[in-house]
Amino acid sequence: MTTVRTAIVIGGGIAGPVTALALTRAGIAATVHEAYPATANGAGGIGGTLALAPNGVAALRAVGAQEAVTAIATPIHHSAMAVGHRRIALPTLAGVPPLRVVHRAELHRVLRDRASAEGVSFAYGRRLVDAEQTGSGVTARFDDGSTASADILVGADGIRSTVRGLIDPSAPGPRFTGLLSFEAVAGHEVDVEPGTMTFAFGRRGYYLYWPEPGGGTRWGANLPQQRPMSLVEARAVPSGQWLDTLRGAYGDDDPGRQLMATSTADDLQVVGSLQIMPPVPHWHRGRMVLVGDAVHAPSNSSGQGASLAIESGVQLARCLRDLPDVESAFAAYVRLRRARVEKVAARAARINHAKAPGPVARTLMPLLMPLLVRTAMDPEKTVADEQRYVIDWDAPVTAEPALR
């Protein structure tokens, strides 16, 4: 039985509320401290649509949020790959629920409401600047001069985590993938079955799309980019100018041309440069520990970013619930998570290389697609272990046996 009774969770996006909710269910009182004001939904208005894989939805069951989240999500039952005019249906993984796509702000709202209903407190406008540890607790200091103390501090503060730097000042930071991301809903109706997501390799960039419930087609584009841009920099460029760039990049593609032509600047969501986290050597120090994108942020190619963050919050709570001290709990947490998340990140990194194929690759891709679908894209070989992963909340976590 744990001696941890209270927790500070830094970050109110996705990982933060889930972790706080799981900690509460483990008997640990948690308060979420978010840098942005409450009017920004605790996420600064950042982000478009994200995908929840079956394993991520299953992890939500442990915190009682599965039904509420699936109610606001769109199920994706089928997928296809398109290069030029060639389109091939992709095989599906048998025996798992569909992928769910959901807007980040809506997901955050549902998770926050669920956590609040179970007693989690939220403090907004509290940007962490430092933390001081003692033998029995940790005190967080915020930029407004306020402080908060608890038994542990959890960094769920995203890819530019402050907590990561406090744990290890030499920790690596995020790396640029060479892609800039956009999203919108086009007026053009694609001629595909509802619930079908298409991954399209255009002549100048990668994009994906699916029919939007209620009409139109939601699309996301990953445009190759020479240098990274912060979200502030990307959004400083007028949306109309970005849309002109996208129309030029996808003007030779079908249905890319129609999607861009029937989208409006007002509706365009500039998601920003895509970043990933390299392996982080130290996930915890003393009474501080990391979850979610702060410690493992695979590229969006994985389809697993949010799902892995949810899993990690649940697994951390299980370890703290069942093990007698912070050190053994954090060690068990890393043992349960590191290999899994790094394997997913490696798979996603391989996919990233295909998102902006060169002239030779573009020529060969239509010819190689059938072979790739039969071999390298076999879901039983590539994603079965990822998507069939289910956390048994009730199963006790045990400490790793000491080496002799």
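We're numbering straight along the sequence, starting at 1.
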Quiz question: by atom type and distance under 3.5 Å, do the side chains of [X] and [Y] form a donor-acceptor pair?
| X | Y | result |
| --- | --- | --- |
| T74 | W210 | no |
| Q304 | N55 | yes |
| R126 | S146 | yes |
| T147 | T139 | no |
| R100 | T70 | no |
| S328 | D325 | yes |
| S312 | R337 | yes |
| R335 | Q315 | no |
| Q225 | S273 | yes |

Is it true that a side-chain atom of [X] and a backbone atom of [Y] form a donor plus acceptor pair closer than 3.5 Å?
| X | Y | answer |
| --- | --- | --- |
| R112 | G13 | no |
| R235 | V270 | yes |
| D267 | A184 | no |
| Q133 | R287 | yes |
| N222 | S181 | no |
| T177 | L274 | yes |
| S302 | V344 | no |
| H282 | H284 | no |
| H108 | G12 | yes |
| T217 | P211 | no |

Please report the interatomic distance [atom1]([X]) to [atom2]([Y]), rounded to the nearest 0.5 Å.
| X | Y | atom1 | atom2 | result |
| --- | --- | --- | --- | --- |
| L153 | I10 | CG | CD1 | 4.5 Å |
| S239 | Q241 | OG | CD | 10.0 Å |
| F330 | M288 | CZ | CE | 9.5 Å |
| L246 | L268 | CG | CG | 6.5 Å |
| T245 | Y250 | OG1 | OH | 11.0 Å |

- Item | A317: partners by side-chain contact (heavy atoms from CB on, under 4.5 Å), with sequence neighbours left out | A22, L23, A26, W393

- Compute both the distance and the angle, then confirm whether R338 meets the cation-pi test with Y333: under 6.0 Å from the six-membered ring centre, within 45 degrees of the axis. no

- Message: Evaluate Y124 against Y36 for ring pair (Phe, Tyr, Trp, His ring centres under 6.0 Å), listing each step before the verdict.
- Response: CA-CA 6 Å; Y124 293 97; Y36 292 100; over 10 Å; no

[X] bridged to [Y] by N-O distance under 4.0 Å:
| X | Y | result |
| --- | --- | --- |
| E386 | R340 | no |
| R203 | D252 | yes |
| E380 | R388 | yes |

- Are S170 and D168 close enough, and set up right, to give a side-chain hydrogen bond (donor to acceptor under 3.5 Å, both in side chains), and what steps lead you there? CA-CA 5 Å; S170 63; D168 179 8; 2.8 Å; yes

- Note on the structure: Across all chains, not counting sequence neighbours, the ring pair (Phe, Tyr, Trp, His ring centres under 6.0 Å) partners of Y389 are none

- More than 12 heavy atoms of other residues, nucleotides or ligands under 6.0 Å from CD of E327: is that the case? no

- Message: Taking CG in D191 as the centre, count heavy atoms belonging to other residues, nucleotides or ligands within less than 6.0 Å. Is the count above 12?
- Response: no

- Message: Using 30° and 60° as the class boundaries, would you call the ring planes of H33 and F142 parallel, tilted or perpendicular?
- Response: parallel

- Message: By the definition side chain to side chain contact (heavy atoms under 4.5 Å, CB included), identify the one residue from V295, V280, D157 that meets it with R164.
- Response: V280

- What residue among V63, L111, V57, I14 forms side chain to side chain contact (heavy atoms under 4.5 Å, CB included) with I310? I14

- Take I391 and R318, measure what side chain to side chain contact (heavy atoms under 4.5 Å, CB included) needs, and give me the verdict at the end. CA-CA 10 Å; I391 298 171; R318 289 181 64 232; 3.7 Å; yes

- So, do V271 and F182 sit near enough that their side-chain heavy atoms are less than 4.5 Å apart? no

- Item | Note, L60 side chain near L52 side chain (heavy atom, < 4.5 Å) | yes

- Item | Stepwise side-chain hydrogen bond (donor to acceptor under 3.5 Å, both in side chains) test for R104 and T49 | CA-CA 6 Å; R104 181 180 293 272; T49 301; over 6 Å; no

